[in-house]
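For reference, the structure is listed below as structure tokens.
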Amino acid sequence: DWFVNWADFPSVVGFNDHLLSFYLKKSDKETFSYDIFLRQSNDYGKHWTIENKLHSDTTKSEHGFVSMTPSGADSFFISWLDGRNTKSMGHDHAQHDSGGAMQIRIAEVMSNGDIKNEYKLDSRTCDCCQTSMAMTDDGPIVVYRDRSDQEIRDIYYAKYKNGIWSESKPVFQDNWMINGCPVNGPKVAVQENVVAVAWFTAADNIPRVRLSFSKDKGEHFFPPIEINQGKAIGRVDLLMLDQNTALISWMESTEEKALLKIAKVRSSGEIEKIITVGEISAARSTGFPQMELVENQICFAWNRLENDQKKIEAFSLLLKDLN
């Protein structure tokens, strides 16, 4: 009874021995009616609690595109897209014409399973672009694709500081007007007081991957750096290697194939190095390539369809190879 989707997939985050996981579970026979369920472990994943529904509403609508980050040993912050005000029509429709818009909500999940301080961050967001969250010294920062009344769908963010969520504002005003969700969400990463945000846009019918830095914990962002070399597909991921250096991954296409690429970028705006990780299918079956920093290497994973069989492609790159 899980809802399985190419762009919205389960994940696990942790702090020491405390792990939090989520997955999507059908709430009705309708295709796009599903809820978010949580499970926790306090012993490195040896035992898990019973499932616990995240959101407070009981509507038969879409709930997903979750981001999570630890806030300490006893709790996690979590964000998600919430369709309680919509009549679910599915991801192939331009918008939920029979109801309201998708919204983004925030809550805090305690180690005992309690869900506290559920809060509506934005009442009108893009329907199915991934959200992303990271922790600053002030508190969590959340990035997502907004949706204006004029169908401008740019990347917005909000910060939690002194117990209050800030008003959402754009990382940068691309002014991308699009009548359907592009299913291509942003990523945020933090190192000390530096915040980096990566995203895809096709404003002015020009596909771009962009990266913007903030040096004051997300209070203000510098103009974006253009990353892609060819025709951008997007599906970005992002890491901070140190306070002044980000590593961004993205997909772009040529006339004959699609490529997974990474770039090492300085907060000053300098692109130090671009590496092609490998050829990759541009199809939905590839999903969204994932990138993680594990000790002295960068590890990648993505889906690959071979002879009608789905497999996981994996690749690793030593940090020294980025120099």
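Quick note: residue numbers are just sequence positions, from 1. Everything quoted here is computed from the prediction, not taken from an experiment.
- Looking only at side-chain heavy atoms (C-beta outward), Met68 and Ser11 come within less than 4.5 Å of each other.
- Of the possible donor and acceptor atoms, one in the side chain of Ser212 sits under 3.5 Å from a partner among the backbone N and O of Phe222.
- Side-chain rings of Trp176 and Phe200 approach one another, their centers coming within less than 6.0 Å.
- A salt bridge links Lys159 to Asp138: one of the charged nitrogens lies within less than 4.0 Å of a carboxylate oxygen.
- The line from CG of Asn303 to OG of Ser281 is 10.0 Å long, rounded to the nearest 0.5 Å.
- Within the 4.5 Å cutoff, side-chain heavy atoms of Leu322 are placed close to those of Ile262.
- Checking side-chain atoms of Thr86 against main-chain N and O of Met102 turns up no donor-acceptor pair under 3.5 Å.
- Counting only heavy atoms from C-beta outward, the side chains of Gln130 and Asp8 never approach each other to under 4.5 Å.
- For the atom pair CE (Met291) and CZ (Phe300), the distance works out to 6.0 Å, reported to the nearest 0.5 Å.
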Would you give me the side-chain donor-acceptor pairs under 3.5 Å for residues 311-321, sequence neighbours excluded?
unit_1 : atom_1 : unit_2 : atom_2 : d
Lys311 : NZ     : Glu306 : OE2    : 3.0
Glu313 : OE1    : Arg304 : NE     : 2.4
Glu313 : OE1    : Arg304 : NH2    : 3.2

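- Here the side chain of Arg39 pairs no donor or acceptor atom with the backbone of Ser21 at under 3.5 angstrom.
- Val171 belongs to a hydrophobic cluster whose other members, connected by ILVMFWY side-chain contacts under 4.5 Å either directly or through intermediates, are Ile141, Val143, Ile155, Tyr157, Phe172, Val188, Val190, Val195, Val197, Trp199, Phe221.
- Residue pairs satisfying the ring pair (Phe, Tyr, Trp, His ring centres under 6.0 Å) criterion with at least one member in residues 245-292, sequence neighbours excluded, are listed as follows: Trp6-Phe288.
- For Arg84, the salt bridge (Lys or Arg N to Asp or Glu O under 4.0 Å) partners two or more places apart in sequence, or in a different chain, are Asp57, Asp82, Glu118.
- Taking 4.5 Å as the limit, some side-chain heavy atom of Pro289 sits within range of a side-chain heavy atom of Ile280.
- Between Glu151 and Arg153, at least one side-chain N (NZ, or NE/NH1/NH2) sits under 4.0 Å from a carboxylate O, which counts as a salt bridge.
- Asn85 places no side-chain N or O within 3.5 Å of a backbone atom of Ala101 that could act as its donor or acceptor partner.
- Applying the side-chain contact (heavy atoms from CB on, under 4.5 Å) criterion to Asp216, with sequence neighbours excluded, gives Ser214, Glu219, His220.
- Rounding to the nearest 0.5 Å gives a distance of 10.0 Å between CE of Met251 and CH2 of Trp302.
- Both Ile275 and Leu247 are part of a single hydrophobic cluster, where members link through side-chain heavy atoms under 4.5 Å apart.
- The shortest side-chain heavy-atom distance between Ile227 and Ile225 falls under the 4.5 Å cut-off.
- In this structure a side-chain-to-backbone donor-acceptor pair under 3.5 Å is present from His63 to Tyr34.
- With Asp146 contributing its side chain and Thr125 its backbone, the two residues share no donor-acceptor pair below 3.5 Å.
- The side-chain heavy atoms of Ser41 and Lys46, taken from C-beta on, include no pair separated by under 4.5 Å.
- Take Phe77 and apply the ring-ring contact (aromatic ring centres under 6.0 Å, His included) test, not counting sequence neighbours, and it matches Tyr160.
- Between the side chains of Gln103 and Ser123, not a single donor N or O lies within less than 3.5 Å of an accepting N or O.
- The main-chain N or O of Ile233 is found under 3.5 Å from a side-chain atom of Asn184 such that the two form a donor-acceptor pair.
- Put simply, the side chain of His55 never gets that close to the backbone of Lys53: no donor and acceptor are under 3.5 Å apart.
- No chain of hydrophobic side-chain contacts below 4.5 Å, direct or via other Ile, Leu, Val, Met, Phe, Trp or Tyr residues, connects Met110 to Leu54.
- Remark: the backbone N or O of Ile152 is paired with a side-chain donor or acceptor of Ser148 at under 3.5 angstrom.
- With 3.5 Å as the limit, one finds a donor-acceptor pair spanning the side chains of Asp122 and Tyr144.
- Under a 4.5 Å side-chain heavy-atom cut-off, the cluster of Ile, Leu, Val, Met, Phe, Trp and Tyr residues that includes Val4 is completed by Trp2, Tyr23, Phe37.
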N/O donor to acceptor pairs below 3.5 angstrom from side-chain atoms of residues 254-261, sequence neighbours left out:
unit_1 : atom_1 : unit_2 : atom_2 : d
Thr254 : OG1    : Glu256 : N      : 3.4
Thr254 : OG1    : Lys257 : N      : 3.2
Thr254 : OG1    : Lys257 : O      : 3.1
Lys257 : NZ     : Glu279 : OE2    : 3.2
Lys261 : NZ     : Gln229 : OE1    : 2.5
Lys261 : NZ     : Glu252 : OE2    : 3.2

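- Rounding to the nearest 0.5 Å gives a distance of 9.5 Å between OG of Ser33 and CZ of Phe3.
- Applying the under-4.5 Å side-chain rule to Ile, Leu, Val, Met, Phe, Trp and Tyr, the cluster around Trp48 extends to Val12, Leu19.
- We find the OG-CE distance between Ser67 and Met133 to be 6.0 Å, quoted to the nearest 0.5 Å.
- Counting heavy atoms from C-beta outward, Val142 and Ile104 have side chains that approach closer than 4.5 Å.
- Heavy-atom neighbours of Lys273 NZ from other residues, nucleotides or ligands within 6.0 Å: above the threshold of 12.
- The number of heavy atoms from other shown groups lying within 6.0 Å of CD (Glu292) does not exceed 12.
- Asp1 pairs by the salt bridge (Lys or Arg N to Asp or Glu O under 4.0 Å) definition with Lys25, not counting sequence neighbours.
- Remark: the Asn244 side chain and the Asp242 side chain contain no N/O donor-acceptor pair separated by less than 3.5 Å.
- For the pair Thr201 (side chain) and Ala203 (backbone), a donor-acceptor distance under 3.5 Å is present.
- Between Asn5 and Leu24 there is no side-chain heavy-atom pair separated by less than 4.5 Å.
- Residues Ile271 and Ile298 fall into different hydrophobic clusters, defined by Ile, Leu, Val, Met, Phe, Trp and Tyr side chains chained together at heavy-atom separations under 4.5 Å.
- Residues forming a salt bridge (Lys or Arg N to Asp or Glu O under 4.0 Å) with Glu272 (at least two apart in sequence, or on another chain): Lys264, Arg266.
- Asn162 CG: 12 or fewer foreign heavy atoms inside a 6.0 Å radius.
- Residue Ile206 is not grouped with residue Met177 when hydrophobic side chains (ILVMFWY) are merged at heavy-atom distances under 4.5 angstrom, including chains of intermediate members.
- The hydrophobic cluster containing Met135 does not contain Met240, counting ILVMFWY residues as joined when their side-chain heavy atoms lie under 4.5 angstrom apart, directly or transitively.
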Quiz item: Under the side-chain contact (heavy atoms from CB on, under 4.5 Å) criterion, do His47 and Asn42 qualify, and how do the steps go?
Solution: CA-CA 8 Å; His47 303 91; Asn42 292 310; over 6 Å; no

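- Taking NZ from Lys120 and CZ from Arg105, the interatomic distance works out to 7.0 Å, rounded to the nearest 0.5 Å.
- Two rings, from Tyr44 and His18, have their centers 6.0 Å or more apart.
- Every residue two or more places apart in sequence or in another chain that forms a salt bridge (Lys or Arg N to Asp or Glu O under 4.0 Å) with Asp174 is listed here: Arg210.
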